[in-house]
Structure formats: structure tokens, C-alpha cells
Engineer: 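Sending over a structure as C-alpha cells; questions will come in a sec.
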Amino acid sequence: MQHGKYRFIVGFLALPLGLYALFVVWPFIQSIYYSFTDWTGLSPEFKMVGLDNYRRMLDDDIFWKSLQHSLMFAVALPLVTISLALFFAFMINVGGRRRKGGPVISGVRGSSFYKIVYFFPQVLSIAIVALLFAFAYNPDSGAINSFFRGVGLDGLQPLWLGDPDLALWCVMAVLVWSTVGFFVVLFSAGMASIPADLYEAALLDGAGRAATFFRITLPLLWDTVQSGWVYMGILALGAESFAVVQIMTTGPGGPDYSTTVMVLYVYQKAFRDGQAAYATTIGVALLVVTLAFAAVVMRLGRRERLEY
Amino acid sequence: MGSHSENIGSENIDSDKSGSDENGSVGVGRRDLIRRSAALGLISVPTMAFLSACASSGGGDEDKAKAGKKTAKNPLAVNETAQMEFVLFDGGFGKEYAEDAVKIYEKGFPDAKVKFAATQKIQSTLQPRFNQGTPPDLIDNSGAEQMDMGVLVGKKQLADLTPLLDAVSYDDPNKKVRDTLRPGIVEMGQFDGDPVWIMYYAYTVYGVWYSQKALDSLDATYPQTWDEMLAVCAKAKKKGIAGWTYAGKYPYYLPFSLYPMIGKVGGREVLDAIDNLEPNAWNHPAVKACFEAYYELYKKGYVLRGTPGLDHIQSQTAWAKGKALFIPNGSWVENESANVIPADFDLAVSAPTGIDSSDKMPFGTIWASGGEPFVVPAKAKNAAGGMEQLRIMLGEASSRNFTSKVKSLTAYNGGTDGITLTPGLKSGVAALDKAGENVVNPRLQDWYVQLQKEKIGVSGLGEMMAGRLTPAEAIKKIQGYADEAAKDTAIKHYKHQ
């Protein structure tokens with residue numbers, strides 16, 4: 001009967017797999033192929049150049065800078081975003097003081113309101129968020145420096161996006177601001193499925209907030225946190241970092257390449273410098289980095305699954 | 001997400017391997033072998049077919065429009081019934097001026113169909129069409145998505161515009177088109193030698209822009225030497241006005257006044273050497289003197305606070321509000337900032353201030369050059385039609401129409417009589433008159449885009465003007481970038497002829 005089963009499965013999967021191959025696998029193969037050519041992107045003529053593009057990439061200072069920044073995005077952003085989101089989600093769902101007549105486990109006062117507030121940036125397009133913050137960071141008349149002036153910190157007028165030491169952090173802060181809400185909601189959903197008896201038991205044993213979080217919430221939420229981490233990392237390596245860097249920072253790519261990230265570099269090489277083949281080479285490097293990132297997170301995060 | 005792509009990746013590598021050593025391998029069973037080679041075939045056959053269809057479907061010459069009859073009215077022998085397709089960059093100049101010119105074309109060739117489109121997305125719209133070998137007949141290759149001209153020329157994607165230049169002009173049968181153009185326009189469209197690949201339609205005056213009214217209120221005139229410049233800035237500072245501001249996020253606006261200053265101080269050869277990427281070009285004493293002069297603006301606090309964090313719009317707005325006296329910019333600033341420049345601003349442009357009387361070129365030496373590059377693709381079906389459309393636009397009527405609508409000059413030498421010039425435009429025309437022969441045209445920004453904008457602009461000049469590099473360090477860094485670019489085989493190199 002094995003035969004019939006496979007045919008059955010194949011019959012069902014043929015169409016989606018075909019589409020997947022055409023629209024997902026295919027572009028991957030194609031761009032890997034182009035990375036071995038000298039295609040400009042502006043003319044149909046090109047020839048194979050072997051590993052020239054890869055050799056060039058290894059000698060390219062800007063590539064290394066962009067790789068470094070991309071890695072920073074992949075590590076720091078999920079760390080900050082997820083820690084914040086976990087904290088917020090915990091306070092909203094579990095961390096509240098016990099109130100008379102209320103349920104045993106509840107969030108802080110006004111938690112349903114906070115949930116909406118946190119989620120709100122998520123409904124704005126990343127392009128709008130980036131533009132908004134570009135104005136806020138304006139050192140001359142922007143909201144942040146005006147605030148500093150307003151409270152008498154007249155001497156404290158950083159250049160924000162114009163300062164190579166600050167620019168990358170400014171950009172990251174915007175991404176944290178705009179994505180943390182998504183994870184608050186995600187983790188809230190996860191926490192909602194943790195049985196209340198576990199918390200009650202912990203309460204009876206006299207556990208405080210911190211102990212409850214680290215002994216109960218986090219272990220039971222581990223799977224969600226891990227997938228969230230991978231998701232955020234991929235987001236940070238790809239689309240989101242491109243949008244904020246392209247829109248907000250100078251050059252673009254920041255003063256003295258301080259915010260150049262790999263996706264932006266791919267875009268610039270392909271669509272500004274007419275070096276599409278080299279751009280795909282960097283794209284391949286980005287693919288490798290992304291896969292390696294996912295693999296590392298999955299491996300480090302592996303632990304026994306808890307059933308409840 | 002991650003695991004999906006991971007699987008796919010390993011599958012590919014797998015099938016590749018089996019393809020290369022399947023014949024010799026013993027460990028692979030017969031069935032495995034058949035299955036794998038079938039899978040490989042499934043992937044590789046359409047791969048090659050698709051690749052060749054996608055990237056290298058060079059369109060043949062068969063479908064080009066036949067030449068029409070060459071007459072006095074039709075010097076380019078345009079086929080009177082062939083379709084002409086024109087794609088315009090819809091930017092600061094809008095699209096009305098081109099639409100008006102298209103109407104004239106349609107009138108001249110009533111049987112021809114004209115397909116006109118205006119877009120901001122030049123590259124995303126046209127790149128695939130270049131790759132397929134089916135580009136339109138005339139393109140205004142401009143804006144943020146401008147296609148790299150060096151690459152287009154290097155890959156022989158553009159048509160030589162010499163027939164257009166040698167055709168009779170639209171207005172005067174005794175003049176060739178070439179004779180009606182402003183000085184330098186034809187040369188600008190060349191890359192190494194005779195063929196002219198690009199027709200720049202607009203004519204931009206670069207320099208130091210200011211409000212005559214603000215200067216008058218300080219009892220000052222535009223400074224001609226750097227000492228005078230510092231004196232004016234000191235005066236302004238006392239009144240709480242900064243001397244300078246610039247597009248801090250895009251410091252490649254600084255060269256609009258800095259490069260002609262270098263030319264004025266050290267002579268044209270210095271700029272040519274820089275353009276030619278000659279070793280040590282940036283170490284010329286004139287470059288050093290000018291860098292130091294600009295750096296002094298920063299050191300003495302004459303640059304508007306926060307400038308390195310402002311983009312071009314923000315800095316122009318601060319300047320229009322009177323927070324700073326001077327801004328390096330191009331003549332598009334009048335149109336671009338029209339809504340923030342006060343009515344009594346009395347906008348003016350001046351050639352850059354020099355160092356002192358020992359400068360090689362006189363005060364008035366200015367950077368002016370073509371803008372809005374129009375190209376006719378080599379694979380265009382109706383290249384003659386595209387050129388005819390350009391010939392119409394370079395006529396007096398179209399040129400005058402452009403100037404009055406968008407406050408900018410055109411490549412046509414003249415066309416300003418009888419229209420009321422706005423203050424900035426008027427001042428630009430006066431500056432050009434004053435400059436006479438002393439117009440310089442540094443080419444870095446159209447020959448080496450990345451070098452000019454990112455490396456020299458942002459990482460060199462931007463860092464220096466933000467006070468994070470000394471002039472000496474900036475010069476060293478920029479010379480390093482220039483040497484790198486000179487060695488880079490991935491970019492095509494050009495030289496002044």
C-alpha cells in the first residue's frame with residue numbers, strides 16, 4: 001500500500017511544490033548563477049567570470065562593514081526587542097498585584113489599554129515610521145533635541161543620524177519601537193495558554209514576580225521565544241533594516257558607512273552602480289548569513305520540550 | 001521560514017554533486033542514479049532555457065522602423081508612420097514641458113503614434129526592457145533611479161547622437177543643432193572621444209545661494225576673498241545668524257561651490273586631474289587651501305548648528321528661514337524650495353569665493369553644466385524619431401516654454417528673451433554672463449557616482465565639515481578612495497580629452 005500513499009501525497013503536493021519551486025527556489029538558483037557572471041543589469045550581454053565576484057567581495061571593506069552591521073542587527077535587535085516584549089507581556093498578563101474579587105492571575109492595571117498602545121506602531125508602515133523618526137532626529141528642529149532644549153539641556157544637542165557613533169543605534173531604536181508590540185501580542189497569546197494552576201501553585205509557595213517569570217513563564221514559553229528570535233533576526237537582516245537605513249540615514253548608508261547593511265549594499269550595487277552580478281554575490285552572502293543565523297539560534301535554543 | 005530555505009539549499013547542493021560525479025560513483029544504486037539525474041534534468045533544462053530567455057534575449061534589428069524620406073523639414077529622415085516611444089523622468093521639472101513638445105511632434109508627423117509616459121521609477125521601468133532589447137526611443141534618464149550612464153555606454157546600449165547635432169536646427173535652416181547649444185553641452189555628452197551619447201537638456205548653475213536682502217541687512221556685499229567671507233560670517237554670527245549650512249546628510253552638495261573654488265584657486269588642470277583619477281591629484285596645494293578654508297567655517301562656528309544631521313530639504317528650509325546666510329546648491333533650489341522661500345527673499349547665486357588675488361582664475365569662475373540627461377537607446381526601434389523629438393525640444397519655442405514653466409535654463413543658448421525671469425534665474429543668467437569663458441565642469445558626479453557621493457562626499461567632506469576629520473586627514477582619505485577607484489576594474493574609467 002506504500003505505493004498508493006506516495007502517489008496520493010505527490011498528487012496533492014505537485015501544484016504547491018511546483019509554484020514554490022518556480023517562485024521561491026527558482027530565484028535563488030538564478031541569483032547564484034548570476035553571481036558567477038559580470039552582468040551589469042543594464043544590458044543583456046554578460047559572460048561567466050568564475051569566482052571573480054567572490055574574490056572581490058572578500059577584498060571589499062564596505063562589504064565587511066555592512067556584514068558587521070547586519071550581524072549587529074541580527075544579534076542586538078532580537079535581544080532587546082524580545083527582552084522588552086517578554087517583560088511587557090509578563091506585566092500585562094501575569095505581573096499585576098492581586099486585587100480583591102479579581103482573578104488570581106492578572107496583569108497590571110490598564111493592561112488591555114497597554115496592549116493596544118504597544119501594538120499600535122505595528123499598524124504603521126515601516127516607511128512611515130522611518131520618516132517620522134527621521135524628523136524626530138533632526139538636530140536643528142527635531143522633537144528630541146527640542147525636548148532637550150525645552151528642559152534646559154541646551155548643551156546636549158547630539159547630531160543623531162549625522163553622528164557615525166550614534167547613527168546605527170538610532171536606527172535600531174526605531175526598529176525596536178516599531179516591532180516590540182508584535183511580540184508583546186505574540187507572547188501574551190503564549191502566556192494565555194499557560195494553565196493558571198501553575199501560577200496559583202507558585203503563589204502559594206510564596207514565589208515573587210521574578211521567580212514566577214524565570215521558573216514558570218519563560219520555560220513554558222520557550223518555543224515561542226525561539227521562533228520569535230529567528231523571525232526577528234531574519235527581519236532585521238532583511239527588509240526592515242533596509243527600509244529604515246535607506247529612508248533615515250545619510251548617504252544613504254550613514255556618515256562614513258556607519259549604518260550600511262548588507263541588503264542596502266545589494267540594492268546600491270544593483271540599482272545605482274550597474275553591477276547586478278556583484279549585487280547577487282553579496283545577496284548570496286546574505287543568504288548564507290541568514291541560514292547560519294537560523295541554524296545557530298535553533299541549535300543554541302534546543303532544550304527539552306515541556307508538556308502541559 | 002528559516003528551516004524551509006535551509007532544506008531547499010541543501011537539496012540543490014546535493015543534486016549538483018550527484019550530477020558531477022554520478023558516473024564514477026559505485027555507492028549510488030541504479031534507481032537512485034536514474035531518479036537523481038531525472039531531478040537534475042528537471043532543474044537544469046528549464047534553468048538554462050529560462051536564463052537565456054530572461055537575460056540574453058538580444059532583440060534583433062529586424063523590427064526597427066524603416067527610414068523615412070529625408071527632407072528639409074525632416075532632416076533626420078524620420079519614418080512618418082512609425083511609433084515613437086518617449087519615457088520621461090517625472091521629477092522637479094514635472095512633465096508638462098515634455099508633453100508640450102510631444103504635441104509638436106504629433107503635429108509634424110500626424111500619422112505617427114506617440115507613446116508618452118512619465119515616471120519617477122526610471123530604472124525599475126526600463127531596466128528589464130534594456131535586458132530584453134526592447135527599450136523606448138527616447139529616455140530622460142534622471143532622478144534617484146537614474147541608470148548608470150557609464151555602464152550603458154560601456155555596454156553599447158546607447159545610440160550616437162551625432163546625426164542629431166549635425167541636423168539643421170529647428171528654428172534656423174542655416175544653423176546646425178550643435179551651433180545652438182550652450183558651451184560644454186556637447187562635450188558633456190561624450191565619454192572618451194567623438195560619439196555623443198547623452199543630450200543634457202537642462203542647464204544648471206551651481207554655486208553659493210543666498211538672500212540678497214539678508215546680505216543687505218548686514219551691510220555686506222558678496223565676499224570675493226576668503227578673508228572677506230570670514231568677515232561676513234563673523235558679522236552674521238553677531239546677529240545670531242550662521243554663515244553657512246549645507247545638506248549635511250548628503251554632503252556631496254558641498255562640491256557645488258567647493259570644486260569651482262578649487263578650479264579658481266589652482267586652475268582647470270587641478271579639476272581635470274581629479275576627474276582623471278590621477279595619482280596625487282588631491283594633494284595639490286589648491287585643494288589643501290580650499291579644504292582648509294571650508295574647515296575654518298566649521299572651526300570658527302560659522303556653520304549652522306546641527307547641519308551634519310540635516311537632509312537637503314531641511315537645510316534649505318533652515319536657510320530660507322534666515323537661519324544661515326549661504327548654502328551650496330544648484331539652480332533647481334529655486335523651484336524645489338519655492339514654498340519655503342519668502343516672497344521678499346531676493347534669491348541670488350554667486351560664483352564661489354576664492355582665497356585671494358593670487359588665484360589662477362578670476363572671481364566669477366563658476367560651475368555650470370547640463371542636467372536632465374536624455375538618451376536614445378542603441379536598440380530603439382525608432383531612434384530617428386527619438387532624436388527628432390529632442391530636436392524639437394532644443395528649438396527656441398520649447399526651450400522658452402521650459403524656462404518659463406520650471407525656472408531653469410536649457411541647453412539651448414538663449415530662449416530667455418521676452419519672459420519674466422524669477423530672481424534666482426535672473427541672478428543665474430547674470431552669473432553666467434559674468435563668468436564668460438570661466439565655466440568649469442567637474443565630471444566626477446557623472447563619471448563615478450559612488451566615488452563622488454559616498455566616498456568623497458559623505459565619508460570625506462561630510463566627516464571633515466562635521467569636525468571629525470582634519471583637512472589633511474580628509475585629503476588623505478579621499479586620495480585613497482580615488483586611487484582605489486582608479487584601480488577598480490569593475491568600473492569603467494574616463495579621461496578628459
Side-chain angles (χ1 to χ4, degrees), chain A residues 20-21 24-26 28-30 32-34 37-46 56 62 134-135 137-142 145 157-164 227 230-231 233-234 249-257 268 271-276 278 287 290-291 293-295 297-298, chain B residues 1-6 8-9 11-12 43 46-47 50-51 54-59 123-124 127 130-133 145-148 150-152 154-157 245 248-251 304-311 314-315 317-318 323 449-450 453-454 457-459 462-463 466 468 490-491:
Chain A
Y20 186 77
V24 180
V25 184
W26 184 242
F28 276 103
I29 299 173
Q30 216 178 5
I32 293 170
Y33 171 80
Y34 281 125
T37 68
D38 68 346
W39 186 43
T40 57
L42 288 171
S43 132
E45 283 113 41
F46 61 86
R56 187 177 158 212
I62 303 171
F135 283 115
Y137 282 129
N138 177 337
D140 177 45
S141 55
N145 276 5
Q157 299 284 302
L159 291 173
W160 301 118
L161 297 167
D163 185 334
S227 354
V230 174
Y231 174 73
I234 291 174
T249 62
T250 59
D256 207 17
Y257 299 108
Q268 287 176 334
F271 298 112
R272 184 193 59 195
D273 300 341
Q275 301 174 3
Y278 186 49
L287 173 70
T290 312
L291 293 183
F293 166 79
V297 173
M298 290 306 202
Chain B
M1 224 171 177
S3 60
H4 269 319
S5 7
E6 212 170 5
I8 296 306
E11 256 168 37
N12 288 337
I43 293 177
T47 307
F50 195 75
L51 279 180
C54 175
S56 47
S57 63
Q123 175 134 20
S124 19
Q127 185 164 10
F130 270 95
N131 277 320
Q132 282 160 18
E145 281 205 14
Q146 182 181 55
M147 294 176 287
D148 191 288
V151 175
L152 285 175
K155 290 280 169 184
K156 306 202 169 21
Q157 294 295 309
T245 187
K249 281 191 176 184
Y250 312 106
L304 179 70
R305 190 157 84 165
T307 292
L310 303 179
D311 68 18
Q314 290 163 346
S315 63
T317 306
K323 289 188 184 177
V449 181
Q450 193 203 4
K453 289 192 165 175
E454 253 178 48
V458 179
S459 294
E463 291 297 284
R468 294 188 288 259
I491 43 185

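Chain letters run A, B, ... following the sequence lines, proteins first and then strands; every chain starts at 1.
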Engineer: Taking every non-hydrogen pair under 4.5 Å, which of L161(A), T290(A), D140(A), L42(A) racks up the most with chain B?
Structural biologist: L42(A)
Engineer: Can you check whether K249(B)'s main-chain N or O pairs, donor with acceptor, with D311(B)'s side chain at less than 3.5 Å?
Structural biologist: no
Engineer: Looking at chain B, which one of G233(A), P139(A), P255(A), G274(A) has the largest number of heavy-atom pairs inside 4.5 Å, strictly under?
Structural biologist: P139(A)
Engineer: Side chain, backbone, both or neither: which part of P158(A) has a non-hydrogen atom closer than 4.5 Å to chain B?
Structural biologist: neither
Engineer: Compare every heavy atom of R468(B) with every heavy atom of G162(A), then report the nearest pair and how far apart it is.
Structural biologist: O-NH2, 2.9 Å
Engineer: Please classify the contact of K323(B) with chain A as side chain, backbone, both or neither, using a heavy-atom distance under 4.5 Å.
Structural biologist: side chain
Engineer: So for D163(A), is it side chain, backbone, both, or neither that comes closer than 4.5 Å to the heavy atoms of chain B?
Structural biologist: both
Engineer: Testing the basics here: between Q314(B) and A134(A), what is the closest heavy-atom pair and its distance to 0.1 Å?
Structural biologist: NE2-O, 4.2 Å
Engineer: If you compare all heavy atoms of W160(A) against all heavy atoms of Y137(A), which two are closest, and at what distance to 0.1 Å?
Structural biologist: CD1-O, 3.4 Å
Engineer: Tell me, side chain or backbone of L159(A) under 4.5 Å from chain B's heavy atoms, or both, or neither?
Structural biologist: both
Engineer: Can you give me the closest heavy-atom contact between I234(A) and F293(A), atom names plus distance?
Structural biologist: N-CE2, 4.1 Å
